[in-house]
Chemist: 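Just dropping this structure here.
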2 protein chains.
Amino acid sequence: MNNNQQFEYLLKRHQLKRTEPRLRVLSLLSAKSVATSQPDLESVIGDVDRVTLYRILSAFEEKGIIHKVFDLNGTANYALCSSDCAEHDHHDEHLHFNCTSCKKVYCLDDLDVQPVKLPAGFKVETFSLSATGLCPKCNNKEA
Amino acid sequence: MNNNQQFEYLLKRHQLKRTEPRLRVLSLLSAKSVATSQPDLESVIGDVDRVTLYRILSAFEEKGIIHKVFDLNGTANYALCSSDCAEHDHHDEHLHFNCTSCKKVYCLDDLDVQPVKLPAGFKVETFSLSATGLCPKCNNKEA
DNA sequence: AATAAAATGCAATAATGTTGCATTTGCGGT
DNA sequence: ACCGCAAATGCAACATTATTGCATTTTATT
Ligand SMILES: [Mn+2]
Ligand SMILES: [Mn+2]
Ligand SMILES: [Zn+2]
Ligand SMILES: [Zn+2]
């Protein structure tokens, strides 16, 4: 099963119609190891209306196909969810690493994050941890 | 020493001139226990130009007087820093709690957050932890 | 009071996100 | 293969958030 077939299956599984713009978004996101900003997506996706892109992204997010994370500048970045996300039930409580040099956002799964105890009264639904610094690539360049 | 004198001292300490708009921003932020969004500030600050507000906020942030945190919608919220922040050296590695009901952002200091070990290659500069859920007020209303 | 630097206000512009509506398209049923 | 409808797209208009350049005002200092 090639990539494209996987994407088509993914859409079908979430009752989303197989359209060219949607396949492009999936293709772009899956090709990158880091989260991609909306402006970046917009600039490379080609002949797709801006509004359509916004709608695709929010549809995917609602369905649990992608998740959104804001970087240090407050711009939205998107990444494919790990397999166990479902509609309105995201499991993206992994660490997001923001590189201060290249501005990339890394999704780091598989880190054991200790739960934190909050003061009485707060009812926690989700946790998320983020860090800033230099990513491996930029770290090397400096040295 | 009353509040206003404290603010004036704060400005002087950071080599910022004592101006009406700046005092108003300090007064507004210090009166709230939660981080305040830029739009909120803008709507209550009265007769101060929007651009001036932006410039004040970024000046304060650079000096380590306030810190910025993005809420679930990606809008910037601002809060006074705890005393030990300095220019370009913030220590706001506390937990930010985003209430999904009232949308307020709480700065929760004094929680012991365990440092997380990152994969080799990443050079961490700052950590920050955030949570979503119901704040005490909204939690009560539900019950 | 004179001065220089800093801060503000205003206008213009950019970037980002949203809404309504007409048109097109995917897809299940026939 | 065709039909019909819901869904998705594209376009235009608008709203919000943010930035830049420049003239004017204000602050702090001498
Ligand atoms: Mn992620
Ligand atoms: Mn804070
Ligand atoms: Zn980097
Ligand atoms: Zn609340």
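To find a chain, count down the sequence lines: A is the first, B the second, and so on, and within it residues start at 1.
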Chemist: Output the rounded distance in Å from CG (Asp49(B)) to P (dC22(D)).
Modeler: 17 Å
Chemist: Could you tell me whether the side chains of Thr75(A) and Ser37(A) share a donor-acceptor contact shorter than 3.5 Å?
Modeler: no
Chemist: Between dA6(D) atom P and Leu16(A) atom CG, what is the distance in whole Å?
Modeler: 17 Å
Chemist: Pick the nucleotide of DNA chain C nearest each of Thr75(A) and Thr19(A); which residue has the one closer to the 5' end?
Modeler: Thr75(A)
Chemist: Rounded to whole Å, please give me the gap between CG in Asp71(B) and P in dT17(D).
Modeler: 11 Å
Chemist: Distance check needed: dA28(D) C1' versus Glu20(B) CD, whole Å only.
Modeler: 17 Å
Chemist: Ring centres under 6.0 Å, that's the criterion: do Phe122(A) and Tyr106(B) meet it?
Modeler: yes
Chemist: Report yes or no: is there a donor-acceptor pair, N or O only, under 3.5 Å between the side chain of Arg55(A) and the base of dG17(C)?
Modeler: no
Chemist: Taking for each residue the nucleotide of DNA chain D bearing the nearest heavy atom, is the 5' side occupied by Ile56(A) or by Arg50(A)?
Modeler: Ile56(A)
Chemist: Calculate the interatomic distance between Glu8(B) atom CD and dT26(D) atom C1'; express it in whole Å.
Modeler: 15 Å
Chemist: Indicate whether any N or O donor in one side chain lies under 3.5 Å from an N or O acceptor in the other, for Ser128(A) and Ser130(B).
Modeler: yes
Chemist: If I take atom CG in residue Leu41(B) and atom P in nucleotide dT16(D), what distance separates them, rounded to the nearest angstrom?
Modeler: 17 Å
Chemist: Remember a base hit wins even if backbone is also touched, and classify Arg22(B) as base, sugar-phosphate or nothing at under 4.0 Å, heavy atoms.
Modeler: sugar-phosphate
Chemist: Nearest to the Pro39(B) side chain among dA28(D), dG9(C), dT17(D), which nucleotide is it?
Modeler: dT17(D)
Chemist: If you assign each of Ala76(B) and Asp47(A) to its closest nucleotide in DNA chain D, which residue comes earlier from the 5' end?
Modeler: Asp47(A)
Chemist: Nearest to the side chain of Val51(B), which nucleotide is it out of dG10(D), dT20(D), dA7(D)?
Modeler: dT20(D)
Chemist: What is the distance, rounded to the nearest whole Å, between atom CZ of Arg18(A) and atom P of dC27(C)?
Modeler: 7 Å
Chemist: What do you reckon, is NZ of Lys103(B) surrounded by more than 12 foreign heavy atoms closer than 6.0 Å?
Modeler: yes
Chemist: Taking OH from Tyr54(A) and P from dT9(D), how many angstroms apart are they, rounded to a whole number?
Modeler: 16 Å
Chemist: Apply salt bridge (charged side-chain N to carboxylate O under 4.0 Å, His left out) to residues Lys12(A) and Glu8(A) and explain how you reach the verdict.
Modeler: CA-CA 6 Å; Lys12(A) 178 164 259 178; Glu8(A) 297 185 9; over 6 Å; no
Chemist: Between dT16(C) and Gln38(A), is there an OP1 or OP2 to side-chain N/O distance shorter than 4.0 Å?
Modeler: no
